[in-house]
Amino acid sequence: MKHIAMTALFVGALAVSACSNDRFGNGRFGGGSGDFVAGSPSDPRSPAYFNQTIGDRVLFAVDQSTLSPEAVQVLTQQATWLMENTSYTAVIEGHADEQGTREYNLALGARRASAVQNFLIDRGVAPNRLQTVSYGKERPLEICSDELCYSKNRRAVTVLAAGAITS
Amino acid sequence: MHMRLSIPPKVVQMNRFAPVSADFSPVVEGGAEFMPKLSKTKRGSRAMKRTSEQMKRGLKKVSCLMAACAVLAAGALTPMAATAQSSGPLRIEITDGVIEPLPFAIPDFVAEDGGASDFARSISRVIAADLASTGLFREIPQDAFISGISNFSSPVAYADWKAINAQALITGAVSSSGDSINVKFRVFDVFSGQPLGEGLQFSGGAGGWRRMAHKVADIVYSRITGESGYFDSRVVFVAESGPKNARRKRLAIMDYDGANVQYLTDSSALVLAPRFSPQGDRVLYTSYETGFPQVYVLDVATVGRRVLSSQEGTMTFAPRFSPDGRTVVYSLSAGGNTDLYTMDIASGQARRLTQAPSIETAPSFSPDGSKIVFESDRSGSQQLYVMPATGGEATRISFGQGRYGTPVWSPRGDLIAFTKQNAGRFHIGVMRTDGSEERLLTASFLDEGPTWSPNGRVIMFTRESQGASGEASLYSVDITGRNLRRVLTEGAASDPAWSPLLN
């Protein structure tokens with residue numbers, strides 16, 4: 001499971017203290033909210049480009065794991081990027097909003113992560129470069145208790161790591 | 001594999017209860033010759049007779065201790081041990097009026113020597129708190145007392161206790177010897193002017209004084225209600241800290257009433273949903289220690305832990321022990337699909353129980369080990385199902401509005417507690433094992449994860465408050481829906497799991 005440590009190292013080295021002290025990737029390394037990440041968003045080979053310009057996450061409807069047309073668009077570009085930047089691997093994190101029981105949401109997050117993984121594999125990304133993990137409702141990005149926040153929390157985030165998956 | 005321990009050594013102290021509790025075996029107190037004994041059958045038949053009379057009279061207030069409590073017990077959803085002898089199923093829905101709690105008096109226990117004075121009052125206060133917290137009993141304030149108890153052996157002035165309407169009187173005394181204390185007590189049925197059962201005593205290390213108090217309270221509860229108690233028990237839970245988007249969680253264990261908190265893990269890895277073994281010696285839980293959720297089993301005495309199963313590319317969660325403690329049932333997610341498995345702990349042999357593209361999770365064994373209740377969205381939404389413990393055809397048991405999850409079989413075997421989500425609200429509820437007689441006990445923004453008290457009378461659960469500053473806390477509620485209470489914890493807390501009664 002070295003890739004996790006490598007993710008943290010990789011981002012941590014460049015992002016200084018932008019991440020929380022949680023030692024597991026929780027999606028907060030990703031772009032979109034002004035996080036300072038590796039490289040420049042205008043450099044198409046940089047993780048910052050992947051995270052911010054393409055977008056590292058896709059969103060889901062309530063209790064669903066079906067990819068929306070918007071999600072398909074983002075994931076198509078993610079697949080292209082991953083095919084062109086083969087030194088990166090990724091862990092796809094599935095998340096749910098807080099409207100649901102803890103264990104069901106873990107299973108739902110697993111479905112969401114898997115939907116993204118399957119899409120990327122279908123588009124040609126080598127399966128051994130992709131892993132999935134579900135956080136269920138344990139790692140919300142937004143903390144209010146209404147749909148504005150919930151819609152952003154129902155997500156799957158493709159978290160890049162440098163190097164091959166070793167586990 | 002065994003993981004590194006990162007626990008402060010004081011946790012080990014907690015486990016010194018094992019040898020101490022060997023000293024707790026109740027001893028019938030000597031020198032109690034003045035206490036007339038009523039045979040159980042005699043008292044039982046009297047209670048039964050009075051109960052049926054009271055029922056005929058429309059449940060008016062009763063004056064006899066035993067009759068009062070037989071009525072209390074009969075008021076519960078399920079027939080209890082005490083009411084097996086009563087004259088028919090009386091069921092009360094949660095919308096019904098509150099039953100009058102039984103008034104009891106407990107004068108401070110007598111300290112029989114200087115070393116006991118530190119404990120005598122404290123022990124009687126814990127007993128009073130235990131009984132009052134059930135909602136079935138009401139303590140009469142000490143300033144209402146007409147007479148006191150300064151000598152444990154003196155005859156009881158029943159008239160003085162009757163005058164303040166104390167239906168039960170609990171007296172006791174504490175003596176000390178070195179690091180040990182001895183607690184003796186008696187229970188009296190004031191209105192019939194009789195002791196209720198024999199005097200008993202416990203002795204043990206002074207550090208275990210709260211447990212001795214809980215044991216006394218369990219016996220008092222049991223004598224009056226006819227069912228076993230739940231006060232000498234513990235709860236394992238998740239202690240939470242930090243903001244909502246970066247929660248830190250660690251496993252903790254405490255007495256059922258929130259006292260004596262000890263931490264079992266640090267918060268370096270996210271941990272979820274611990275569950276006690278039927279013997280109370282081990283805890284199953286889910287940890288993100290490796291970065292991926294996996295089920296671990298932790299030995300409470302040594303705090304040593306090991307991963308139950310680690311299969312590349314899978315996640316495991318939602319574990320629960322079988323009633324014999326040898327098997328674990330859990331969910332395993334692979335390729336986005338979640339199914340149920342069992343694993344023999346000794347051999348590590350896994351067996352797949354379900355094979356469906358739907359989510360199958362939150363399994364719980366029936367107390368006889370023959371069945372498993374679980375949740376599945378195979379119908380399109382989360383619902384409850386029962387299947388044989390070896391897998392096979394499952395029968396849906398939940399049919400009401402909304403979604404049902406986290407089913408837990410009652411230790412009595414007669415009810416299943418669950419979380420229900422409907423119209424934007426969460427509820428804790430109970431239903432019979434065939435799904436009939438569903439009743440919701442609570443309602444809030446987010447209630448979930450019921451766990452049963454050892455006697456199947458009380459349910460503890462997580463309640464999370466709404467909004468950006470939302471926080472989890474523990475609550476308990478009676479299976480009749482009465483007596484909703486917050487369980488006081490130092491910080492935020494979630495995912496409680498109740499132990500069996502300690503020995």
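Every chain is numbered from 1, with letters handed out A, B, ... down the list of sequences.
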Side chain, backbone, both or neither: which part of Thr101(A) has an atom under 4.5 Å from a heavy atom of chain B?
both
Which distance, rounded to the nearest 0.5 Å, do you find between the OG of Ser134(A) and the CZ of Phe317(B)?
7.0 Å
Between Arg102(A) and Glu448(B) the two heavy atoms that sit nearest each other are N-OE1, 2.9 Å
Who pairs with Phe365(B) by ring-ring contact (aromatic ring centres under 6.0 Å, His included), at least two apart in sequence or on another chain?
none
Of the listed residues (Gln382(B), Arg403(B), Glu360(B)), which shares the most heavy-atom pairs with chain A below a 4.5 Å separation?
Gln382(B)
Return yes if some donor-acceptor pair links the side-chain N/O of Ser145(A) with the main-chain N/O of Gly467(B) below 3.5 Å, else return no.
yes
Listed partners of Thr316(B) passing side chain to side chain donor-acceptor pair (under 3.5 Å), at least two apart
Gln294(B)
Taking only heavy atoms into account, what residues of residues 103-120 of chain A are found under 4.5 Å from chain B?
Glu103(A), Tyr104(A), Leu106(A), Ala107(A), Leu108(A), Ala110(A), Arg111(A), Ser114(A)
Does Leu272(B) reach the side chain of Glu138(A), with side-chain heavy atoms less than 4.5 Å apart?
yes
Can you find a heavy atom in the side chain of Pro293(B) that is under 4.5 Å from one in the side chain of Val133(A)?
yes
Closest non-hydrogen atoms of Gln99(A) and Phe426(B), given as atom of the first, atom of the second and distance, are C-CZ, 4.0 Å
Per-residue contact mode, Leu446(B) against chain A (heavy atom under 4.5 angstrom):
side chain
Tabulate, in ascending numerical order, the residues of residues 63-80 of chain A having at least one heavy atom closer than 4.5 Å to a heavy atom of chain B, or enter 'none'.
Asp63(A)
Greatest number of non-hydrogen atom pairs under 4.5 angstrom with chain B, of Gly100(A), Cys144(A), Gly94(A), Cys149(A), falls to Gly100(A)
Salt-bridge criterion met for Lys244(B) and Glu142(A) (N-O under 4.0 Å)
no
Can you tell if the side chain of Tyr135(A) reaches within under 4.5 Å of the side chain of Leu270(B), non-hydrogen atoms only?
yes
With a 4.5 angstrom heavy-atom cut-off, is it the side chain or the backbone of Ser331(B) that approaches chain A, or both, or neither?
neither
Checking heavy atoms, do the side chain of Asn337(B), its backbone, both or neither come under 4.5 Å from chain A?
neither
